[in-house]
S.K.: 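Please see the structure below; I have some questions.
Reminder, nothing fancy here: chain letters follow the sequence lines and each chain counts from 1. In this text the structure is predicted, and so the values were computed from the model without any measurement.
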Amino acid sequence: RYRKWQIRSRIQSSIDRNLAQAMNELDRLSNQLHLNRAVREEAAVIYRKAVEKGLVRGRSIESVIAASVYVACRLKKLPRTLDEISLHTRANRKEIARCYRLLVKELQLKVPIADPIDYIPRMGSLLDLSGKAMNIAARIVKIAKQKALTAGKDPAGLAAAAIYVATLLENEKRTQKEIANIAGVTEVTVRNRYKELVNELKLDIPEED
Amino acid sequence: MLMVCYMKKTNSISKPVVQIENIVATVTLDQQLDLHEIERKVPRVEYNPDQFPGLVFRLDRPKITALIFKSGKMVVTGSKSTQELITAVKRIIKTFYNHGIKITGRPKIQIQNIVASANLNVDVNLEDAAYKLENNMYEPEQFPGLIHRMTDPYVVLLIFSSGKMVITGAKREEEVSKAVENIYKTLKELDCLVTKSEDEQEEEFF
DNA sequence: GCTTTAAAAAGTAATTT
DNA sequence: AAATTACTTTATAAAGC
């Protein structure tokens, strides 16, 4: 019995040490990404569960923290792309994605499919758009979903195109390049999604002088 | 029931087109091989032991590639049918023989993986499928297809919104068609197949 | 885990013309 | 801006790091 306690104690202290180090990393990454308190706490809860389940063994704390942050952002409806997160960690995108799949499977997380609408507020504010323009962009995405134009497409690209359309309709001009950069996609993708939206939604885009 | 299907949509009863795209097989020769000797005697081989322990040998028409190891085992990829695979193995051995690499005994051929494509000819609502199917993953940020791990037969399917798909992990051809039959039935039962008159009444923007 | 090989799907990306 | 090439995902064996 004493030995059992001893073993448990040793495991507990190992978990504690790991957590202490991981929380520092979580703080660092969260600051870089300017994440709010709710997302940080969600990520911390997810990471703690991962450590307790022994999912971090053989993996770097950084990659699991990054994956926890990615999941937390999605669950809190404040999504960040894997590329953006990987910009601030040593772990590459592939490794983070691998950890993400592990977390989803092992912790039985129910992560809703990424919704382009959730990308709009952040992208919109980074572009300094009006609330009205953002609402229009969201409405465009909603219709695009109904018309089955979103399946298989990168949600960030869809959000970017909807925002581009909204800026044209609201006369809050932003270049495709500006929007593409903030969305983390190429201008070609914004253009392709944009063309599809204009065609399929039969939008009347005000002519440019 | 069937009547309804007929009336609703004729293409929902057209049979899926299934095609084998690639067969991966291992071939066991009961003898050790000197890869450096093969590299010297057989033309058009690639051998970079620092990079990979296998020697690469390619056949044209059909385009088949073999990875050959010193243990006498090899991996043959690229064939689209069992017959093509068998013919390729014979050709490889004959080519080696003609260049002074003697191989005796009959090779043991084992199919390890069959990759196939199929087309249901009906659009699929991937979001619906993602929520209703089990053992699947759908992350459009990373890949446009829905990845579904089927238990029986034990294969993995990559399903796209167009109704086209990739089936992989099968070891026998019949597993492929079985998998396609199963997924078609399941998607239909779960109402994930898009009937034309379904994506109709949209709210208008203006 | 990685290295190498083949092939498809559809989306995105990086180059080239 | 269109065309080309290339990478994302899946499975699978081989021998070795």
S.K.: Determine, stepwise, if the pair L33(B) / M74(B) fulfils side chain to side chain contact (heavy atoms under 4.5 Å, CB included).
M.R.: CA-CA 11 Å; L33(B) 297 172; M74(B) 49 189 203; over 6 Å; no

S.K.: Using a cut-off of strictly less than 4.0 Å between a heavy atom of the residue and any atom of DNA chain D, enumerate the qualifying residues of residues 87-116 of chain A by number.
M.R.: K94(A), R101(A)

S.K.: Quick check against the 3.5 Å criterion: does K153(A) have a side-chain atom that pairs as donor or acceptor with the backbone of L149(A)?
M.R.: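 Pair found, side chain donor or acceptor close to backbone of L149(A).
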
S.K.: Taking dA14(D) as the reference, what is the distance to dA8(C) when you measure between their C1' atoms (whole Å, please)?
M.R.: 23 Å

S.K.: Side chain of S71(B) only, please: which of dA15(D), dT12(D), dT10(D) is the nearest?
M.R.: dA15(D)

S.K.: Report the distance from atom CZ of R139(A) to atom CD1 of I143(A), rounding to the nearest 0.5 Å.
M.R.: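 Going from CZ on R139(A) over to CD1 on I143(A), the span is 7.0 Å.
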
S.K.: If the P atom of dT4(C) is compared with that of dA6(D), how far apart are they to the nearest Å?
M.R.: 15 Å

S.K.: Should the heavy atoms of other residues, nucleotides or ligands under 6.0 Å from NZ of K132(B) be counted, would the total exceed 12?
M.R.: yes

S.K.: For DNA chain D, find the residues of residues 174-200 of chain A with a heavy-atom distance under 4.0 Å and give them by number; none if there aren't any.
M.R.: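 DNA chain D contact set from residues 174-200 of chain A: R191(A), K195(A).
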
S.K.: Can you tell me, in whole Å, how much space there is between the P of dC2(C) and that of dT8(D)?
M.R.: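 Their P atoms lie roughly 12 Å apart.
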
S.K.: Closest heavy-atom contact between A161(A) and V190(A)?
M.R.: CB-O, 3.9 Å

S.K.: Side chains of V27(B) and L29(B): does their closest heavy-atom pair fall under 4.5 Å?
M.R.: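 Heavy-atom side-chain distance check passes, below 4.5 Å.
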
S.K.: Rounded to whole Å, how long is the line connecting atom OH of Y138(B) with atom C1' of dA9(C)?
M.R.: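 For the pair Y138(B) OH and dA9(C) C1', the rounded distance is 14 Å.
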
S.K.: Give the rounded distance in Å between these two atoms: CZ of R172(B) and P of dT12(D).
M.R.: 15 Å

S.K.: On a whole-Å scale, what distance lies between the C1' atoms belonging to dA7(C) and dA15(D)?
M.R.: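 Per the computed distance, 24 Å lies between those C1' atoms.
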
S.K.: Can E196(A) and R193(A) be said to form a salt bridge (Lys or Arg N to Asp or Glu O under 4.0 Å), step by step?
M.R.: CA-CA 5 Å; E196(A) 192 171 35; R193(A) 294 298 127 248; 2.6 Å; yes

S.K.: Closer to the 5' end of DNA chain D via nearest nucleotide, is it F143(B) or K70(B)?
M.R.: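 Taking each residue's closest nucleotide, the earlier one in sequence belongs to F143(B).
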
S.K.: Taking atom P in both dA9(C) and dA1(D), what distance in whole Å separates the two?
M.R.: 28 Å

S.K.: Measure from CD on Q142(B) to P on dT8(D) and round the result to the nearest Å.
M.R.: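 Nearest whole value for this atom pair: 12 Å.
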
S.K.: Answer whether the closest heavy-atom distance between the side chains of I114(B) and V155(B) falls below 4.5 Å.
M.R.: no

S.K.: Go nucleotide by nucleotide along DNA chain D from the 5' end; which of K73(B) and P144(B) gets its closest nucleotide reached first?
M.R.: P144(B)

S.K.: With the criterion being N/O to N/O and under 3.5 Å, what pairs connect the protein with nucleotides 4-8 of chain C, and how long is each?
M.R.:
from: dT4(C); atom 1: OP1; to: Q51(B); atom 2: OE1; distance (Å): 3.3
from: dA6(C); atom 1: OP1; to: R58(B); atom 2: NH1; distance (Å): 2.5
from: dA6(C); atom 1: O4'; to: T77(B); atom 2: OG1; distance (Å): 2.9
from: dA6(C); atom 1: N3; to: N22(B); atom 2: ND2; distance (Å): 3.2
from: dA7(C); atom 1: N3; to: N22(B); atom 2: ND2; distance (Å): 3.4

S.K.: Report the distance from atom OH of Y154(B) to atom C1' of dA11(D), rounded to the nearest whole Å.
M.R.: 10 Å

S.K.: Rounded to whole angstrom units, what separation is found between the CG atom of D123(B) and the C1' atom of dA9(C)?
M.R.: 14 Å

S.K.: Check every atom of dT10(D), dT3(C), dG11(C) against the side chain of R149(B) and return the nucleotide holding the closest atom.
M.R.: dT10(D)

S.K.: When the ring centroid of F57(B) is compared with that of Y47(B), is the distance short of 6.0 Å?
M.R.: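 Ring centres of Y47(B) and F57(B) not closer than 6.0 Å.
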
S.K.: M165(B) or D154(A): which one's nearest nucleotide on DNA chain C is closer to the 5' end?
M.R.: M165(B)

S.K.: Whole angstroms only, please: what is the CG-P distance between D34(B) and dA15(D)?
M.R.: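 Roughly 16 Å, once rounded to whole Å.
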
S.K.: Both distances below 3.5 Å, Watson-Crick or wobble geometry, any strand: find the nucleotide opposite dT10(D).
M.R.: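 dA8(C) is the nucleotide pairing with dT10(D).
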
S.K.: Taking everything shown except Q31(B) itself, do over 12 heavy atoms lie less than 6.0 Å from its CD?
M.R.: yes

S.K.: How many whole angstroms separate atom CG of L82(A) from atom P of dT12(C)?
M.R.: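 Taking atom P of dT12(C) as the reference, CG of L82(A) is at 15 Å.
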
S.K.: Can you see which heavy atom on A130(B) is nearest to which on N136(B), and at what distance?
M.R.: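 It is O-ND2, 3.1 Å.
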
S.K.: I want to verify a distance call: between dA11(D), dT12(C), dA9(C), whose nearest atom is closest to the K153(A) side chain?
M.R.: dT12(C)

S.K.: With salt bridge (Lys or Arg N to Asp or Glu O under 4.0 Å) as the criterion, how do R101(A) and E139(B) come out once you've worked through the C-alpha distance, each side chain's angles and the decisive distance to 0.1 Å?
M.R.: CA-CA 10 Å; R101(A) 284 166 218 157; E139(B) 297 283 343; over 6 Å; no

S.K.: Atom CG of L126(B) to atom C1' of dG11(C): distance rounded to whole Å?
M.R.: 13 Å

S.K.: So with a 6.0 Å cut-off around NZ of K77(A), is the heavy-atom count from everything else above 12?
M.R.: yes

S.K.: Would you mind classifying the nucleic acid contact of S161(B) as base, sugar-phosphate or nothing, using non-hydrogen atoms under 4.0 angstrom?
M.R.: nothing

S.K.: Quick one: label G54(B) by what it contacts on the DNA or RNA (base, sugar-phosphate, nothing), any heavy atom closer than 4.0 Å.
M.R.: nothing

